[in-house]
Amino acid sequence: MKPNESQLIAWRRELHTWPELSGKEFATTARLREWLQSAGIRLLDFPLESGVVAEIGSGETRVALRADIDALPIHEASGVSFHSRHPGVMHACGHDLHSAVMLGAALELKAQEAQLKGCVRILFQPAEEIGRGAKQFIKAGVLEDVQAIFGMHNEPGLPTGTFATRGGAFYANADKFIIHVNGKGAHAAHPEQGVDAIVVASQIIQALQTLTSRSFNALDSVVLSITRIDGGKTWNVLPSGVEFGGTARTHDLQVRAELEQRLRQLVESIALAHGADATLRWHPGPPVLINDPDWARFSSEIAAQVGYHVQTADLHLLGEDFAYYLQKIPGVFVSIGSASDFGLHHAAFTPDEASIAPAAHYFAQLAQQALQHLNARCCEPLLN
Ligand SMILES: [Zn+2]
Ligand SMILES: [Zn+2]
């Protein structure tokens, strides 16, 4: 039985109308619990502040499906009738759509529960946008006894009916850094009496861009962007300090570690050369998302079976906290075309709702066949 499309769209719209920020998804959690329970699906009792974990089937073999449920601090300008009723908060990343997809997969799996060759655990995870939800879920024990995990993101740049994934690195290490330059304040007419933190900061910023282009292999993806700079209050005073920061994106844990180290050396030595001092604070975000190559092949094969146009995905420079699950157990993260004219995190983002029901059916099929595959425990290649 394929999921009822109009029901899934109605659920997606209700989530869309009432979006909640990361870590505050309490009403969303209550809605998901109610919908799952009214379908007779059992909920598991993990120590969670928000989010829901459901399970269907019985036995030792177990796979997990994951949706994220949080929204963004964006004021919606999509013009849809079911637009956000929470001013300044919007499902602009499509996590409402992901939730509807996994609800649909849950319904389809529930209808076939007697034939399931194991358990399917379904994770409705909070706080993806701030990179915390997956870690909280793992700490709460949701991956215990799970042998493989599957998740998706909608891809506005791909047409509806298109599926893409890749084995190995997919999404990036998405790290944040903050640099503080301490100089010495002075009258703007007498810079010689101070240490100009603005000049030091500007030299560091220039040198950072050279660092990425001159110190790393051109085939390593390294992006370093300064997104914020804060120093000085008026026109005739040299400030004593400047703070600036941004993000670093890479696809390799070693390149990431080297970039942090080189950045730190550069910041400290340029400051020293000018008689200032500077500190770098590095806040690691989600690590590079690494898909298991065999599960990537398997998931693509199932996608073709259910009628998707299957592509090999390009590397992403976005971060995705599903990466934390894949550091613990094998699995795969995939892109499902959602054909929006406006991209993720845009106030006018409008994904195609026709992408929901096929994705729900796909994940139900993927989970079922993954259980059969795990039960067969064969050491042959997954599929020809
Ligand atoms: Zn997002
Ligand atoms: Zn997202």
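Every number for a ligand or one of its atoms is a count from 1 in the order of the listing. When reading the values below, keep in mind they use all heavy atoms of this one structure, side chains included, and skip hydrogens, waters and symmetry mates.
Rounding to the nearest 0.5 Å gives a distance of 6.5 Å between CG of Asp145 and CZ of Arg121.
Note on ring orientation: taking the six-membered ring where Trp is involved, the planes of Trp282 and Phe177 are parallel (angle under 30°, cut-offs 30° and 60°). Between Trp295 and Phe150, the angle of the ring planes goes over 60°, which puts this pair in the perpendicular group of the 30/60° scheme.
Protein N, O or S atom count below 2.8 Å of the Zn ion (ligand 1): the structure gives 4.
The aromatic ring centroids of Phe163 and His309 lie 6.0 Å or more from each other.
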TODO: Take His95 and His153 through the test ring-ring contact (aromatic ring centres under 6.0 Å, His included) and record every step on the way to the result.
DONE: CA-CA 8 Å; His95 297 181; His153 211 289; 5.6 Å; yes

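Side-chain contact of Ser84 with Glu76: a donor-acceptor pair under 3.5 Å is absent, judged by distance alone.
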